[in-house]
Novice: 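Before anything else, here's the structure in question.
Quick caveat, the model's predicted, so the values are computed rather than measured. We number each residue from 1, following the sequence as shown.
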Amino acid sequence: MSASLLPGYVSDELRAACYDLDTALWAAGLSPVTDIGASTHAQAVTVRVQPPRLPGTTPQRQLAQMKRLLRGHRVAVRVEFCPEPYPRLSLHFDTAEAVRRLTTVIAGHLSGLDAVRYRLRLAARSVGVNWYSRIRPHAIWPSELTAGQTFALYSTLFPQPDDTEFEPEDDEAVEEMLEAFTRALAGIGVSLSMWRSACCPHDVEFHGLSEEAASRLADALTRCGRDRRAATPSPEETP
């Protein structure tokens, strides 16, 4: 189960912590499966991962290595070997704080392109767009977005007049937006080509980003996300 599909009864704090952990594991090249409501209580979390294993390393040794790593970083988690339906490690958390602690450990071990695409995905998420990417030699290739999502990024990074309307099914409007977005990004030092998908004209494909360009884009989106949060009143401030 993806953290984005957790049951409705899960607290916002735990949901956010699980989402961040999923993102960190994804950036580290793992595909986590997250379950809520383990046998202990409704807010318990079980994350199952399949970390790479060196040739000759037994599951028992891998389990011991994982336990030492987590103990060394003071992560409060129970680790078990899960043989079915295929060999994985199960991490059992009782608190959102423990989930966040592991996220910090994983993120701290990311480097190079992995670290940048992690920041880019978090930054896009902060402005409401879930944007994946993959790594190819010396570049980060963002995944496809809908025309509407692409316009959301464009209008967030480069605010448009209040009366601006955008119709994602209007081919001419999409083409004009992509051209304007490409020029605007170039103005902040981000070279990113984009075009309408040949398979689905209402989707947008992107060319690869250099590590430096991806880092600049992540920085810009992070600032926008921070400004958005600052402008949003807290529940205590809402009349």
Novice: Would you mind reporting whether Y154 and L178 have side-chain heavy atoms less than 4.5 Å apart?
Specialist: no
Novice: Apply side chain to side chain contact (heavy atoms under 4.5 Å, CB included) to the pair D20 and L122, showing each step before the final yes or no.
Specialist: CA-CA 8 Å; D20 289 346; L122 286 182; 4.1 Å; yes
Novice: CE/M177 to OG/S155 distance, rounded to the nearest 0.5 angstrom?
Specialist: 9.0 Å
Novice: Looking only at heavy atoms, which two atoms of G128 and R228 are closest? And how far apart?
Specialist: N-NH1, 4.0 Å
Novice: Quick one, R100 with E13, criterion side chain to side chain contact (heavy atoms under 4.5 Å, CB included). Give me CA distance, side-chain angles, the key distance, then yes/no.
Specialist: CA-CA 10 Å; R100 286 195 295 269; E13 179 188 23; 3.3 Å; yes
Novice: Would you kindly confirm whether F158 and V204 end up in one hydrophobic cluster when ILVMFWY residues are joined by side chain heavy atoms under 4.5 Å apart?
Specialist: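 Yes; tracing contacts between hydrophobic side chains, which count when under 4.5 Å, links both residues.
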Novice: Got a donor-acceptor contact below 3.5 angstrom from the R121 side chain to the Y132 backbone?
Specialist: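 Between the backbone of Y132 and the side chain of R121 there is no qualifying donor-acceptor contact (under 3.5 Å).
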Novice: Looking at R134, I'd like to know if its CZ atom is crowded, meaning that more than 12 non-hydrogen atoms belonging to other residues, nucleotides or ligands lie closer than 6.0 Å.
Specialist: yes
Novice: Going through the distances and angles, do L91 and R78 end up as a side chain to side chain contact (heavy atoms under 4.5 Å, CB included)?
Specialist: CA-CA 6 Å; L91 313 178; R78 300 186 308 281; over 6 Å; no
Novice: Taking R216 for its side chain and G189 for its backbone only, find out whether a donor-acceptor pair lies under 3.5 Å.
Specialist: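 Yes, R216 side chain to G189 backbone: donor-acceptor pair under 3.5 Å.
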Novice: Tell me the salt bridge (charged side-chain N to carboxylate O under 4.0 Å, His left out) pairs involving residues 161-180, sequence neighbours left out?
Specialist: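 Residue pairs with at least one partner in residues 161-180: D171-R196, E175-R196.
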Novice: Using a strict cut-off of less than 4.0 Å between a Lys/Arg side-chain nitrogen and an Asp/Glu carboxylate oxygen, indicate whether D114 and R119 qualify as a salt bridge.
Specialist: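 No.
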Novice: Measure the shortest side-chain to side-chain distance between S133 and W26 over non-hydrogen atoms and say whether it is less than 4.5 angstrom.
Specialist: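 In contact.
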Novice: Does one hydrophobic cluster hold both L185 and L209, with members joined at side-chain heavy-atom distances below 4.5 Å?
Specialist: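 Yes: a chain of side-chain contacts under 4.5 Å links L185 to L209.
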Novice: On a heavy-atom basis, which atom in A98 and which in A76 lie closest, and how many Å separate them?
Specialist: CB-O, 3.3 Å
Novice: Look up atom CG in L70 and atom CE in M66, then write down how far apart they are to the nearest 0.5 Å.
Specialist: 6.0 Å
Novice: To the nearest 0.5 Å, what is the distance between CG (D203) and OG1 (T146)?
Specialist: 6.5 Å
Novice: Do you reckon V190 sits in the same ILVMFWY cluster as L113, going by side-chain contacts under 4.5 Å, direct or chained?
Specialist: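 Each belongs to a different hydrophobic cluster.
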Novice: Test salt bridge (charged side-chain N to carboxylate O under 4.0 Å, His left out) on K67 and E80 and set out the steps.
Specialist: CA-CA 9 Å; K67 287 182 175 179; E80 299 175 351; over 6 Å; no
Novice: Starting at OG1 of T95, measure out to CG of L14 and round the result to the nearest 0.5 Å.
Specialist: 9.0 Å
Novice: Where is the tightest heavy-atom contact between M194 and T150, given as atom of each residue plus distance?
Specialist: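 It is SD-CG2, 4.4 Å.
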Novice: Answer yes if the side chains of S197 and E205 hold a donor-acceptor pair under 3.5 Å, and no otherwise.
Specialist: yes
Novice: What I'd like to find out is whether the side chain of T58 reaches to under 4.5 Å of the side chain of L63, using heavy atoms alone.
Specialist: no
Novice: Out of curiosity, does V79 fall in the hydrophobic cluster containing F93 (side-chain heavy atoms, cut-off under 4.5 Å, transitive links)?
Specialist: yes
Novice: Does R136, at its CZ atom, have more than 12 non-hydrogen atoms belonging to other residues, nucleotides or ligands within less than 6.0 Å?
Specialist: yes
Novice: Contact between C82 and L89 at the side-chain level, heavy atoms closer than 4.5 Å - yes or no?
Specialist: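 They are not in side-chain contact.
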Novice: So do N130 and Y19 actually touch side chain to side chain, heavy atoms under 4.5 Å?
Specialist: yes
Novice: So how far is it from Y118 OH to S111 OG, rounded to the nearest 0.5 Å?
Specialist: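 Taking OH in Y118 and OG in S111, the distance rounds to 14.0 Å.
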Novice: If you compare all heavy atoms of V116 against all heavy atoms of A214, which two are closest, and at what distance to 0.1 Å?
Specialist: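 The pair with the smallest heavy-atom distance is CG1-CB, 3.5 Å.
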Novice: Would you call I106 and L21 a side-chain contact if the rule is heavy atoms closer than 4.5 Å?
Specialist: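 Yes, side chains in contact.
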Novice: For T164 and Q160, indicate whether the former's side chain and the latter's backbone hold a donor-acceptor pair under 3.5 Å.
Specialist: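 Such a contact is absent between T164 side chain and Q160 backbone.
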Novice: Under a 3.5 Å distance rule, please check whether S215 uses its side chain to pair with a backbone N or O of E212 as donor and acceptor.
Specialist: no
Novice: If hydrophobic clusters are built from ILVMFWY residues whose side chains come within less than 4.5 Å, do L192 and V127 share one?
Specialist: yes
Novice: Would you check if V77 and L102 make a side-chain contact, meaning some heavy-atom pair closer than 4.5 Å?
Specialist: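 When only atoms from C-beta onward are counted, L102 and V77 do not touch, as no gap falls below 4.5 Å.
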Novice: Would you mind listing every ring pair (Phe, Tyr, Trp, His ring centres under 6.0 Å) that reaches into residues 192-226, with sequence neighbours excluded?
Specialist: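 Checked against ring pair (Phe, Tyr, Trp, His ring centres under 6.0 Å) - neighbours excluded - the pairs reaching residues 192-226 are W131-F206, W141-H207.
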Novice: Give me the atom names and distance for the closest heavy-atom approach of A96 to A17.
Specialist: O-CB, 3.9 Å
Novice: Is R125 reaching over with its side chain to a backbone N or O of T23, donor-acceptor style, under 3.5 angstrom?
Specialist: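 Such a contact is absent between R125 side chain and T23 backbone.
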Novice: Could you please spell out the steps behind the side chain to side chain contact (heavy atoms under 4.5 Å, CB included) verdict for F166 and V174?
Specialist: CA-CA 8 Å; F166 176 72; V174 171; 3.9 Å; yes
